[in-house]
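Here the structure is laid out as structure tokens; the discussion comes afterwards.
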Amino acid sequence: MPPKNSLVKNLLPSLDMPKRRRFLTGSASVAATLSVTSLTLPVNAEENPLWMKTPGKPMSGYGTPSTFEASVKRPFASGYPTVSPGTGSSRTPHQALEGTITPSGLHFERHHNGVPDIDPLQHELLIHGLVERPLLFKLDALSRYPLVNRVHFIECSGNSGPNSAPEPPQITAGAIHGLASTSEWTGVPLALLLHEAGIKPGATWILAEGADAASMSRSIPLNKALDDAMIALYQNGERLRPEQGYPMRLLLPGWEGNTNVKWLRRLKLTQAPTFTKDETSKYTDLQKDGLARQFTFGLGVKSVITFPSYGHKLERQGLYEITGIAWTGAGRITRVEISTNNGLSWKDATLQGPVHSKSFTRFRLPWHWHGTTHVLQSRATDDSGAVQPTRTVFTAPYAKGMNFHNNYIQAWAIDANGSLSNVYT
Ligand SMILES: Nc1nc2c(c(=O)[nH]1)N[C@H]1C(S)=C(S)[C@@H](COP(=O)(O)O)O[C@H]1N2
Ligand SMILES: [Mo]
């Protein structure tokens, strides 16, 4: 398929057009230049296309994308294809998407032992341990609490791992950075349920356990649970997808994906971390000195240019809009700068509002390509003052191949033919 963006962006006028129209382009917004382009009518413009000559298809119970978009899919890989094909991950194809909300069917997946087929009438959530009153909830009971909806990203701490390879992999933006997605989540603030259960003195951590065959579990500091944690029941307006934890998941905005326990069945208040298999065998960050950082929950400030990126081609010279997504576990994105000359100089991109906290923010910068070579980079800043690091700065403290929490600046090279490749700088 032609990548979605090339279909749209190639409508933009090139620099070899007549002088009068070039003048209009220079002074007008991108939207206005699109209407300038549409002045050139195709030869058969007055003839009705085929699909206007017969009645269209009937309604459907649940909508699906156009068949012409069939190639917009999540690339996936299983680590154990024969024993457990459901163990592995699939990635959001960012290079083919726009806006900030990830369509539910394209939300990335990371499963440690496949997707359980949970009957919501049988599923229960237990809150116990250091509480005054242990509580047991069915889905209908939870759904009766006052609900809140918030737009948040989830990002696996293993996201961007392919860029830890010695040579830059020539794969799409989604194949590298697609273990991150944003949804509007609706659910019950966890603080509400914990206060109802009554927190006993001494409780400082919570064990969160999933109802999958991996019983994936993590220890969560009580402070986070009382801050902005949510038991999410809905995703983009509908019940959670099975892949995202149906019928309920723990949502810890801005914290590494793994702590957002899906198919949540148990929360146990404890005096200390439980040191579950999932937080001792994995999700620690090995340093050069042989020590590993543990419980590195917050995700760093990050951005990626989604157009143009690997797999796109600039077919001709002219105006293009450089665009992408930025996010941070700390709060809001305040600035995204773009360099087209390998970091020599930077220009502020426009941030598309509303800028939600701990959510994807779309950035845009119009740019003229004159048919020469470039290295494109984006550098995000958040409201804690953190700036996205270079690859050299990020990797400095870690052991070789440390594969977690990569948030360094991504670079795409454009060659004189307009082809894009992944490069390390
Ligand atoms: N119960 C359970 N929860 C889980 C997982 C899992 O395998 N089992 N995977 C974790 C990991 S590593 C990540 S990155 C996120 C992925 O969420 P998603 O599949 O909805 O994108 O869920 C987390 N929660
Ligand atoms: Mo993850």
Side-chain angles (χ1 to χ4, degrees), residues 74-80 84-94 101-118 123 125-126 152-162 174 177-185 187 206-220 229-236 238-267 274 276-285 295-299 302 327 329 358 360 403-407:
R74 303 182 280 215
F76 60 87
S78 168
Y80 312 89
S84 175
T87 302
S89 62
S90 71
R91 292 168 187 252
T92 298
H94 292 303
I101 301 291
T102 310
S104 299
L106 294 175
H107 193 288
F108 86 88
E109 304 165 84
R110 173 73 182 98
H111 317 306
H112 290 243
N113 204 348
V115 182
D117 190 15
I118 295 182
H123 181 81
L125 170 63
L126 172 66
H152 288 307
F153 74 83
I154 295 179
E155 181 182 25
C156 179
S157 50
N159 196 23
S160 315
H177 308 289
L179 292 181
S181 312
T182 282
S183 299
E184 184 197 59
W185 304 98
I206 297 186
L207 169 72
E209 181 187 67
D212 51 339
S215 345
M216 221 224 57
S217 354
R218 288 293 304 260
S219 304
I220 313 296
M230 176 200 283
I231 309 296
L233 308 175
Y234 295 85
Q235 173 186 5
N236 298 329
E238 60 184 357
R239 287 283 181 194
L240 296 184
R241 290 288 169 95
E243 296 83 358
Q244 266 66 62
Y246 181 86
M248 57 187 72
R249 86 178 299 163
L250 182 60
L251 193 78
L252 299 180
W255 280 26
E256 67 177 1
N258 189 258
T259 62
N260 293 249
V261 175
K262 301 190 277 188
W263 315 295
L264 185 68
R265 70 182 291 265
R266 191 158 73 98
L267 292 170
T274 304
T276 70
K277 68 182 188 319
D278 300 294
E279 57 203 13
T280 49
S281 67
K282 297 191 196 81
Y283 304 104
T284 58
D285 310 344
F295 302 129
T296 46
F297 296 122
L299 292 159
K302 187 161 175 177
W327 64 98
K358 303 172 187 178
F360 286 173
N403 225 1
F404 289 130
H405 301 286
N406 295 1
N407 71 326

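Ligands are counted one by one from 1 in listed order, and the atoms in each one are counted from 1 as well.
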message: Could you tell me if the side chain of Ile220 sits less than 4.5 Å from the side chain of Val261, heavy atoms only?
response: no
message: So for ligand 1, is Trp263 a polar contact partner (N or O within less than 3.5 Å, distance only)?
response: no
- line: The protein heavy atom nearest to atom 19 (O) of ligand 1 is Lys262 NZ, 2.5 Å
query: Is there side-chain contact between Met216 and Asn258, with heavy atoms separated by less than 4.5 Å?
result: yes
Atom indices of ligand 1 within 4.0 angstrom of Phe108 heavy atoms, with elements: 14 (S), 16 (C), 18 (P), 19 (O), 21 (O)
- prompt: Are side-chain heavy atoms of Lys302 and Asn159 found at a separation under 4.5 Å?
  reply: yes
- request: Determine whether Arg91 and Pro162 make a side-chain contact, defined as any pair of heavy atoms from C-beta on separated by less than 4.5 Å.
  value: yes
query: Looking at side-chain heavy atoms only, is the closest gap between His111 and Glu243 below 4.5 Å?
result: yes
query: Do Ile154 and Leu251 have side-chain heavy atoms sitting under 4.5 Å apart?
result: yes
- request: Can you sort out which atoms of ligand 1 are near Gly210, meaning under 4.0 Å from one of its heavy atoms?
  value: 1 (N)
query: So which protein heavy atom does atom 23 (C) of ligand 1 come closest to, and at what separation?
result: Gly257 O, 3.4 Å
field: Shortest non-hydrogen contact from Ala211 toward Ile118
entry: CB-CD1, 4.2 Å
- request: Kindly confirm or rule out an N or O of Tyr283 lying under 3.5 angstrom from an N or O of ligand 1.
  value: no
- request: Taking only heavy atoms of Cys156 into account, list the atoms of ligand 1 that are under 4.0 Å away from them.
  value: 14 (S)
- line: atom 20 (O) of ligand 1: of Glu109, Lys282, Arg249, the nearest heavy atom sits on Arg249
message: Are any of the N/O atoms on Asn113, whether in the backbone or the side chain, positioned under 3.5 angstrom from an N/O atom of ligand 1?
response: no
field: Check: Ile231 and Leu250 side chains under 4.5 Å, non-hydrogen atoms
entry: yes
field: Numbered atoms of ligand 1 (with element) below 4.0 Å of His112, judged on heavy atoms
entry: 5 (C), 6 (C), 7 (O), 9 (N), 12 (S)
query: How far is atom 9 (N) of ligand 1 from its nearest protein heavy atom, and which residue and atom name does that atom have?
result: Arg110 O, 3.1 Å
query: Counting each atom of ligand 1 from 1 as listed, which ones have a heavy atom of His111 under 4.0 Å away?
result: 7 (O)
message: Angle between ring planes, Tyr283 versus His112, binned at 30° and 60°: parallel, tilted or perpendicular?
response: tilted
- line: Taking only non-hydrogen atoms of Glu243 and a 4.0 Å limit, the atoms of ligand 1 in range are 19 (O), 20 (O)
message: Please check whether Gln244 reaches ligand 1 - meaning an N/O of the residue sits under 3.5 Å from an N/O of the ligand, judged on distance alone.
response: yes
message: Side chains of Leu299 and Phe153, heavy atoms from C-beta outward: is any pair under 4.5 Å?
response: yes
- line: Any heavy atom of Asn258 under 4.0 Å from ligand 1? The part involved is both
message: Do Arg218 and Trp255 form a cation-pi contact, if we require the NZ or CZ to be under 6.0 Å from the six-membered ring centre and within 45 degrees of the ring's axis?
response: no
statement: shortest atom 8 (N) of ligand 1-to-protein heavy-atom contact is with Asp212 OD2, 2.7 Å
message: Checking contacts here: is it the side chain or the backbone of Asn260 that comes within 4.0 Å of ligand 1, counting heavy atoms only? Could be both or neither.
response: backbone
- prompt: Going by distance only, is there an N or O of Met216 that falls short of 3.5 Å from an N or O of ligand 1?
  reply: no
